[in-house]
Enquirer: 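Below is one structure. I have some questions about it.
Letters go in sequence order (proteins before strands), and every chain restarts at 1.
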Amino acid sequence: MSFSQEIINWYHPNKRDLPWRHTTDPYIIWLSEIILQQTRVEQGLPYFYRFVEQYPNIATFAAAEEGEILRLWQGLGYYSRARNMHKAAKMVMDNHDGIFPTTYDSLIKLNGIGGYTAAAIASFSANEAKPVLDGNVFRVLSRYFGIEEAINTPKGKKLFYELALEMLDKEQPAIYNQSIMEFGALQCKPQNPDCQICPLRTSCYAKQTNKVNSLPVKIKGRISKDRYFYYFVIMDEKSGSIAIRKRGPKDIWENMYEFPLIEQAAPLSISELKNTKEFNELFGRGAELHIISTPKKHILSHQNIYATFLEVSKISKDSNKKGEWDYVLLKDLDTLAKPKLIFAFLRDYNLQ
DNA sequence: AAGGCGGGGGC
DNA sequence: GCCCCAGCCTT
């Protein structure tokens with residue numbers, strides 16, 4: 001039996017019952033695919049339900065505010081996905097009369113939809129014969145066929161795409177694409193796959209040559225950078241407000257909310273912090289500082305953030321001349337999209 | 001071609 | 001600590 005037929009035969013009795021597999025609505029499939037980019041099914045599932053509930057169709061999604069979408073995305077990470085979805089939704093309303101496209105060539109023009117997602121939506125919603133190429137497919141193909149070319153180089157991607165296209169079952173692309181991804185997720189797992197029960201074990205190159213643990217080949221990632229964030233919690237007791245700022249572009253957490261901060265490339269003591277030019281410009285010489293929490297390490301895939309939260313009081317009257325922050329009512333804080341580091345702090349210290 | 005972008009989970 | 005996860009965008 002062919003590789004493709006084996007994969008499909010494995011799928012039917014082993015597949016998970018996932019909600020986006022019960023529809024061919026390209027909008028719903030789009031929601032699920034964007035949510036699942038670089039995200040495990042278990043992590044994305046609750047978000048999928050919330051988004052379908054809140055925005056049952058493309059029109060409601062496009063009509064929402066970006067901040068509201070970001071707030072619903074809060075905690076899921078890679079927030080450019082949420083911002084790009086909003087742009088894509090508006091493009092569907094403006095350029096496609098509100099009808100979500102189902103062809104690969106139309107889909108790939110939308111913000112946040114690349115080669116994988118366009119192939120996924122086109123095949124799942126309209127059975128277009130385009131192969132999906134995600135982490136699962138790279139792994140399955142490299143192991144089964146013994147491809148030692150690195151998967152994260154342009155040369156490797158081209159090679160794997162050609163193989164993926166060759167293996168695609170053109171008569172049933174939707175089922176085949178689902179099958180190979182599910183096979184990668186459940187059977188041909190990254191670590192400790194149970195090859196003893198694999199239906200492809202006798203013809204798998206990696207299994208037969210004992211290379212399961214060395215395939216696929218991937219060029220190593222970069223080292224993480226350390227960043228030191230000193231967050232200032234500034235309460236206005238009279239109004240029940242707290243100081244908040246919105247993060248800008250070209251850095252993490254774009255358009256999300258946090259406290260006013262001073263960032264350093266190396267750790268500082270509290271007295272050193274008070275003597276920085278930045279502190280003086282923000283709050284004036286007379287301001288007082290009290291530590292709320294010792295440095296908390298927040299790990300992202302490419303940087304380590306050491307965040308210290310400090311209470312500031314007795315700030316000078318003419319502080320915030322540059323408009324570094326705004327005051328928001330504590331009761332309204334929940335409606336703003338905040339990174340995990342911030343909303344976890346608010347929760348832990350009962351400020352929300 | 002390479003770097004940037006979250007957060008969680010497995011080992 | 002390192003790797004991976006239904007990747008995409010920018011430079």
Enquirer: Would one find a side-chain N or O of Tyr79(A) under 4.0 angstrom from OP1 or OP2 of dG7(B)?
Expert: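 Yes, because at least one side-chain N or O of Tyr79(A) sits under 4.0 Å from OP1 or OP2 of dG7(B).
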Enquirer: Distance check needed: dG6(B) P versus Leu76(A) CG, whole Å only.
Expert: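 Distance check: Leu76(A) CG to dG6(B) P gives 11 Å.
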Enquirer: Compare side-chain N and O positions of His302(A) against OP1 and OP2 of dG4(B) and report whether any pair is under 4.0 Å apart.
Expert: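 Answer is no, no contact under 4.0 Å.
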Enquirer: Can you find a side chain N or O atom of Lys340(A) that sits less than 4.0 Å from OP1 or OP2 on dG8(B)?
Expert: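 So the side-chain polar atoms of Lys340(A) do come within 4.0 Å of the phosphate oxygens OP1 or OP2 of dG8(B), strictly under.
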Enquirer: Please state how far atom CG in Leu107(A) lies from atom P in dC8(C), giving the value in whole angstrom units.
Expert: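 Computing the Leu107(A):CG to dC8(C):P distance gives 12 Å.
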Enquirer: By the 4.0 Å heavy-atom rule, please label Lys220(A) as base, sugar-phosphate, or nothing.
Expert: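 Sugar-phosphate contact only - Lys220(A) comes under 4.0 Å of backbone atoms but never of a base.
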Enquirer: Given dC5(B), dC3(C), dC8(C), which nucleotide is nearest the side-chain atoms of Gln37(A)?
Expert: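 So the nucleotide nearest the side chain must be dC8(C).
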Enquirer: Please determine, for dC9(C), whether a Watson-Crick or G-U wobble partner exists with both distances under 3.5 Å, and give it or none.
Expert: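 When the pairing criteria are applied, dG3(B) turns out to be the nucleotide that pairs with dC9(C).
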Enquirer: Write down the atom of Ile252(A), the atom of Ile305(A), and the distance for their closest heavy-atom approach.
Expert: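 What the structure gives for the nearest pair is CD1-CD1, 3.5 Å.
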Enquirer: Mind calculating the distance between CG (Asn84(A)) and P (dT10(C)) to the nearest angstrom?
Expert: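 Those two atoms, CG and P, are 7 Å apart.
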Enquirer: Pro190(A) side chain: which of dA6(C), dG6(B), dC4(C) is closest?
Expert: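 Shortest atom-to-atom distance from the side chain points to dC4(C).
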Enquirer: Atom CD1 of Ile34(A) to atom C1' of dC5(B): distance rounded to whole Å?
Expert: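 Going from Ile34(A) (CD1) to dC5(B) (C1'), I get 15 Å.
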Enquirer: Select base, sugar-phosphate, or nothing to describe what Gly75(A) touches, counting heavy atoms under 4.0 Å on all strands.
Expert: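 Sugar-phosphate, no base atom in range.
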Enquirer: For Asn152(A) and dC5(C), what is the distance between atoms CG and P respectively, to the nearest whole Å?
Expert: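 So the two atoms are 11 Å apart, to the nearest Å.
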Enquirer: Pick base, sugar-phosphate or nothing for Gly77(A), based on heavy-atom distances below 4.0 Å to the nucleic acid.
Expert: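 Base: the residue Gly77(A), judged by heavy atoms under 4.0 Å, touches a nucleobase.
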Enquirer: Measuring only the P atom in each nucleotide, how far is dG6(B) from dT10(C)? A whole number of Å is fine.
Expert: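 Taking atom P in both dG6(B) and dT10(C), they lie 14 Å apart.
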Enquirer: Contact class for Glu42(A) vs. all strands (heavy atom < 4.0 Å): base, sugar-phosphate, or nothing?
Expert: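 Since no nucleic acid heavy atom lies under 4.0 Å of Glu42(A), the category is nothing.
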Enquirer: How far does the C1' atom of dC5(B) sit from the matching atom of dC4(C), given to the nearest Å?
Expert: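 The same atom, C1', in both gives a distance of 16 Å.
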Enquirer: Just checking Trp30(A): base, sugar-phosphate only, or nothing, at a heavy-atom cut-off of under 4.0 Å?
Expert: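 The answer is nothing, as Trp30(A) stays clear of every strand by at least 4.0 Å.
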Enquirer: Rounded to the Å, how far apart are Leu341(A) CG and dG6(B) P?
Expert: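 The distance from CG of Leu341(A) to P of dG6(B) comes to 13 Å, rounded to the nearest Å.
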Enquirer: Between the base of dG6(B) and the side chain of Ser301(A), is there any donor-acceptor pair under 3.5 Å?
Expert: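 Check passes, donor-acceptor contact within cut-off.
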Enquirer: Determine, for Glu288(A) against Lys314(A), whether the closest basic-nitrogen to carboxylate-oxygen distance falls under 4.0 angstrom.
Expert: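 Judged by the 4.0 Å cut-off on N to carboxylate O distance, Glu288(A) and Lys314(A) do form a salt bridge.
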Enquirer: Does a side-chain N-to-carboxylate-O contact under 4.0 Å join Arg347(A) and Asp334(A)?
Expert: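 Judged by the 4.0 Å cut-off on N to carboxylate O distance, Arg347(A) and Asp334(A) do not form a salt bridge.
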Enquirer: Using a heavy-atom cut-off of under 4.0 Å over every strand shown, decide if Asn192(A) touches base, sugar-phosphate, or nothing.
Expert: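 Counting heavy atoms under 4.0 Å across all strands, the contact made by Asn192(A) is with sugar-phosphate only.
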Enquirer: Could you check Lys155(A) against Leu300(A) and say which one's nearest nucleotide on DNA chain B is further toward the 5' end?
Expert: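 Residue closer to the 5' terminus by nearest nucleotide: Lys155(A).
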Enquirer: One thing to verify: whether Asp194(A) and Lys189(A) come together as a salt bridge, which I'm taking to mean a side-chain N less than 4.0 angstrom from a carboxylate O.
Expert: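 Salt bridge: no.
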Enquirer: Quick one: do Asp17(A) and Arg21(A) make a salt bridge, cutoff under 4.0 Å?
Expert: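 Answer for the salt bridge query: no.
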Enquirer: Nearest whole Å is fine: how far is dG4(B) C1' from Arg81(A) CZ?
Expert: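 Value for this atom pair: 14 Å.
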Enquirer: Is it the case that the base of dC4(C) and the side chain of Arg40(A) share a donor-acceptor contact (distance under 3.5 Å, atom types as modelled)?
Expert: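 By the distance-only test, yes, there is a pair.
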Enquirer: Could Lys211(A) and Glu148(A) be called an ion pair, given the rule that one side-chain N must be under 4.0 Å from one carboxylate O?
Expert: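 Yes, charged N to carboxylate O under 4.0 Å.
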Enquirer: Salt-bridge test for Lys338(A) and Glu258(A): reply yes if a basic N is under 4.0 Å from a carboxylate O, no otherwise.
Expert: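 Not counted as a salt bridge, because no side-chain N and carboxylate O are separated by less than 4.0 Å.
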Enquirer: Counting any heavy atom closer than 4.0 Å, what does Arg21(A) reach on the DNA or RNA strands: base, sugar-phosphate only, or nothing?
Expert: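 Base, at least one base heavy atom under 4.0 Å.
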Enquirer: What distance, rounded to whole Å, do you find between the two P atoms, one in dG10(B) and one in dA6(C)?
Expert: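 Straight-line distance between the two P atoms is 13 Å.
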Enquirer: Would you mind reading off the distance between Gln38(A) atom CD and dG9(B) atom C1', rounded to a whole angstrom?
Expert: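 Rounding to the nearest Å, CD of Gln38(A) and C1' of dG9(B) are 14 Å apart.
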Enquirer: Using the closest heavy atom to pick a nucleotide of DNA chain C for each, name whichever of Gln43(A) or Gly114(A) lands nearer the 5' end.
Expert: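 Counting from the 5' end, the first nearest nucleotide belongs to Gln43(A).
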Enquirer: Tell me whether the OP1 or OP2 atom of dC8(C) has a side-chain N or O from Thr117(A) closer than 4.0 Å.
Expert: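 For dC8(C), OP1 or OP2 has a side-chain N or O of Thr117(A) closer than 4.0 Å.
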Enquirer: Under 4.0 Å between a side-chain N/O of Arg139(A) and OP1 or OP2 of dC5(C), yes or no?
Expert: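 Checking Arg139(A) against dC5(C): at least one side-chain N or O falls below 4.0 Å of OP1 or OP2.
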Enquirer: Could you tell me whether the phosphate oxygens of dC5(B), OP1 or OP2, come under 4.0 Å of any side-chain nitrogen or oxygen in Trp73(A)?
Expert: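 For Trp73(A), the contact criterion (side-chain N or O under 4.0 Å from OP1 or OP2 of dC5(B)) is not met.
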Enquirer: Have a look at Gly115(A) and say if it touches a base, only the backbone sugar-phosphate, or nothing, with a 4.0 Å heavy-atom cut-off.
Expert: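 Gly115(A): backbone/sugar contact only, no base atoms under 4.0 Å.
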Enquirer: I'd like to know if Thr39(A) reaches the base of dG6(B) with its side chain such that a donor and an acceptor end up less than 3.5 angstrom apart.
Expert: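 When only heavy-atom distances are counted, Thr39(A) does reach the base of dG6(B) through a donor-acceptor pair under 3.5 Å.
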Enquirer: Tell me whether Glu324(A) is salt-bridged to Lys322(A), with the criterion being a basic N under 4.0 Å from an acidic carboxylate O.
Expert: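 Looking at Glu324(A) and Lys322(A), the cut-off is not met.
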Enquirer: Taking OP1 and OP2 of dG6(B), is either one under 4.0 Å from a side-chain nitrogen or oxygen of His298(A)?
Expert: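 It does not, given that no N or O in the side chain of His298(A) lies less than 4.0 Å from OP1 or OP2 of dG6(B).
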Enquirer: Of all the nucleotides listed (dG8(B), dC4(C), dA1(B)), which has the minimum atom distance to the side chain of Pro154(A)?
Expert: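 When the side chain of Pro154(A) is considered, dA1(B) is the closest of dG8(B), dC4(C), dA1(B).
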Enquirer: Roughly how far apart, to the nearest Å, are dG3(B) and dC3(C) at atom P?
Expert: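 Those two atoms are separated by 16 Å.
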